[in-house]
Amino acid sequence: MTRLPIDEVLPELLLALQERSGAVLVAEPGAGKTTRVPLALLDQPWLGGKKIVMLEPRRLAARSAAQYMAQLLGEKVGETVGYRVRLDSKVGPRTRIEVVTEGVLTRMLQDDPSLDEVGAVLFDEFHERHLHGDLGLALCLQAQSLLREELRLLVMSATLEAEPVAVLLGDAAVIHSKGRSYPVTTRYASARSTAPLEQAAGQTVLQALRETEGDALVFLPGAAEIRKAASWLRGQGLPSGVRLAELHGSLSLEEQAAAIAPCAPNERKIVLATSIAESSLTVEGIKIVVDSGLSRVPRFSPRTGLSRLETVPVSRDSADQRRGRAGRVAPGHCYRLWTEQEHPHLPQHTRPEMLDADLSALVLELAVWGTPDPSELQWLTPPPEAAYEGAAALLHSLNSLDRLGKPTAEGLRIAKLGMHPRLGAMLLAAEAQPEALDRACVLAALLSERDILGAERNVDIALRADALHSAGGSVPAAHRIRAQAGQWQRRVRERQREAGAPAQRHKGLAAWSDGSLLAYAYPDRIAQRRADGRYVMASGRGAVLPELQPLSRSPYLVVCELDDAGAEGRIRLAADISQAEIEACLTAHLVREEAVEWDPGTGSVRARRRVRLGAIVLSDNPLEGADPEAVADTLLAGIRLKGFSALPMSKNALSLLGRMRLMSLSGDPLWPDVSEGALLDTLEHWLKPHVYGMRSLSELNKLPMAQLIGDLLTWNQARELDEQVPTHITVPSGSRIPLDYSDPSSPVLAVRLQELFGWRETPRLVNGRLPVTLHLLSPSQRPVQVTKDLASFWEQAYFEVKKDLKGRYPKHYWPDNPYEAIATNRAKPRPSTS
DNA sequence: CTCTCCCT
C-alpha cells in the first residue's frame, strides 16, 4: 500500500483508543483517514471481533469508501466491508466494517440502543455538523455511558474545533494528521468590489486566467448568481478554448457529470458552482479557485414553521476547504473576493445545522429514544428551545406525541418509516385503503426530494405525480422517487401483515384526492382563498401564488411548500382541496364555536355559529338563541371598548354623579366610587342586570341611568346626599337654582346677581365645609364675576360692577346696599303687597 | 427574477 500521511499517526490513534473509549482525529483532506482508519482498527483487541460502524454525511461517500476499502482487502463490497444507505445496502454475514449514512445510524440505535454487535462508531467529516451526525453522537454517548462502557467513539474531521468534542467524549486524546495536498496561494481582494457579484467574480476569473494556468472553479451562492456570471462572462468574450460549465444541485446527474468531467487537451474550463463543489462533488483538474465568500443556507424559523433561504458569508473553515480544491493535483491559486482585513471577522466554523433546522424529526427520535427532555443528553450544540418547542407542538398536532411528550403508537411507527413526521402522518392516515396508500407514498417521496419540475411555475403537486407516472426514466430523479415510494409502501404493508388490518379513518369520502391526503401532513397549512392567488392559512399566515394559474381560483388549498418571504409566504407546491374534504379529514382539528362578539361598526353584539380550522373560518351562520349571559357580557365589553361615552348619561345622571363624587371626595370611604373608570369596572354590578335582551349601544338609551346610579346608594346615603349636596339651592329671590357639579371639587351656582340681594355669605355644602363657586350673572345671563366669597364681593367689587351694570341695564334695580335690598328675578322687585 | 445542501 502507498504510504499516506495518516499512517504516521495510526500508532498514536490505536494507543489512544486502547486506553480510552474515545478519541478525536483531526486530519487535513487527503490524509487518508476515511479508508485507512477503519481497517487499522479491525484487529484491535478491545473490538472483540465486533463491528465497526463508520458514518458518512453522503451516500456517495459511503459507497465509495466501502468500495475502496474492499478493494484494498482484495474483496468485493459486502464481504468484510459493506455499506448501508437509504434504499441501498451491501452487507453480508461476514461484514465487520459497515459504512453508513447518518440517518441509518439513528435507525440502528433506535432498533438496538446498546449496539450490541458494534465495537466502535466512527464519525467521519464531523465538521459538517449535520443534524443527524450531532444526534447520532449524542445517542452514542448515552448508550456508551449507560449500557456499553467499552464502546469506542472516534470523531474524525478536517477542521473541527477539537477541544469541545474531546471534552464531550470524556477527556479524549486529540490526534492531528497532516494532509496530502499541494500548496495553494491565497490572494485577497485589495478592496471589496462595489460591482454586482457576477461581475466581480467574472473579472477575477478573467484576471486569474491571464495570470495562471489550469482550470478554474468559482464558488457562488446560488443558481441565479451562476446564471448571471455565466452570461456576463460570455458577454465579455472568453478566450478561445475556454469552456464554461455550471454546477449546482438542481441539475440532472448527467449535467453534473458533464460539468465535472476533465477537459480535452488544449482546453480550459471555468466551472461556476455552488457549495455543492465544496465537499459533495470533486471537480477534476482544478488549479484556480475563485471564491465569492458567500453561500445560501436554509434558516428555519420556529415562529412561522417555515424555512427561508439566506445568503450568508462562509466560515473560514469553509473558505479553506474551498481553497483546498485548487491543490489536489498540483500547486494552485485561490482568489478571494473579500479583503485580508475582513478575513478575521468571518466566523471560524460552519454553523451547526442544529441551530437553523426544522427539529420535528429530531424531537420525535428523542421521544422514541425515551428522552423527551433533551437536557438528559450531552450535546456539542443543544437543540434551541424555541425550535424544540415548536417541533413538539407540531408533533402533538399530528398525533405523534402525547401530552407528556411520549410517542404515541403512531409516532413510533412514523419514526420507523424514516421520513418527515408530517409525511408519516399522511401515510398512516391513508394506510387502510391500498390506492390511497400508493398515492400517499408517491406524494411523500415527491416532497422528500428536490422538485422534479424545478422551473415549472404551476405549483400543483398533481402535475409532479403525473409526470412521475408518465415520464418513465426521463425525469432525472424519477427513478429514485419511485424507489422511495415503493420502499415506504412495502414497510407499511409489512407492518399491516404483522398487526392485522388497520382501522379505516377518513369516513364520508368515497375517494382520496391529493388534497385530502396532504391535509393530514399539513393541517396548519390549509389555505383559504381571499382573492385570486391570495390565501390565508390555518396558521394565520398569508400565502400567495407566484402568478395566476389554475389553482388560483380554488377556494381551498393544502400548501405543501412555501417560502417564508416576509408577511406572505410564496407558495411553491400545493394541492386543491374542498371544504367537505377538510371537514372529513381534519375532524379533530376543527373548532365548532358559538361566537358572541362585538361588532364595533354597528355598535352591537353579533352572535354567529362557526366552524373554524385555526385562523380560517369554514362556515359562519347567524346563531339563534345565543346565551343571554354571553350577549350581556359582550355588550358590556363593547361599552368598555368605546369608553364612558358609550353610557347615555342624562343631565340628571351627570349631576347625580357629580354630587356622589363630591361626597366620596369629602373622605367617607363608605361612599361608592363613581368615577368613570370605576363605573366601567363595575358594569357587571350596576348595569348588567338591566341589559338582558339588549344587543346594541343605542338600546341603552331606554335605561333610566340616574336611577341605576342612585341605586348604588343606601337609603341613608341617599338622604344624606340630598342634605349635604342638594341638587338646587333656593336663592333670596325665591328661585330654585340648580347646582352644577361637573367639577365635583368645586360645585358652581350660576345665578343672576340681582337674585342674591340679601345674602351675606356664600352658601356652603357638606356641613358648611365647601363653599359653592358663585358665577354671578348679568340680567341677560352674561358672566359678571366669579367668587367663592360673596361678602367680599358685596364690600369691594360690587360698587364697580354696579356702575357698569347700571349703564347697560338702566331699567334694572341696582341698590346701593345689597344686604338690605330685595332680591328679584325681574327687572325690579314687585312693590310689596303687604 | 424565479431555491442551498443533505439524509432515515
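Values below: every heavy atom of this structure, side chains too, minus hydrogens, waters and symmetry copies. Remember, predicted model here, so these are calculated numbers, not experimental data.
- For A:D320, the side chain to side chain donor-acceptor pair (under 3.5 Å) test picks out A:R323, A:R336, with sequence neighbours left out.
- Under the side chain to side chain donor-acceptor pair (under 3.5 Å) criterion, A:T95 pairs with no residue, sequence neighbours left out.
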*Can you check each nucleotide of nucleotides 1-8 of chain B against protein heavy atoms at under 4.0 Å and return B for base, S for sugar-phosphate only, - for none, in 5' to 3' order?*
-BBBBSBB
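- Not a single side chain to side chain donor-acceptor pair (under 3.5 Å) links A:R525 to another residue, sequence neighbours left out.
- Remark: A:E255 pairs with no residue by the salt bridge (charged side-chain N to carboxylate O under 4.0 Å, His left out) rule, at least two apart or across chains.
- Every residue was checked against the salt bridge (charged side-chain N to carboxylate O under 4.0 Å, His left out) condition with A:R497, not counting sequence neighbours, and none meets it.
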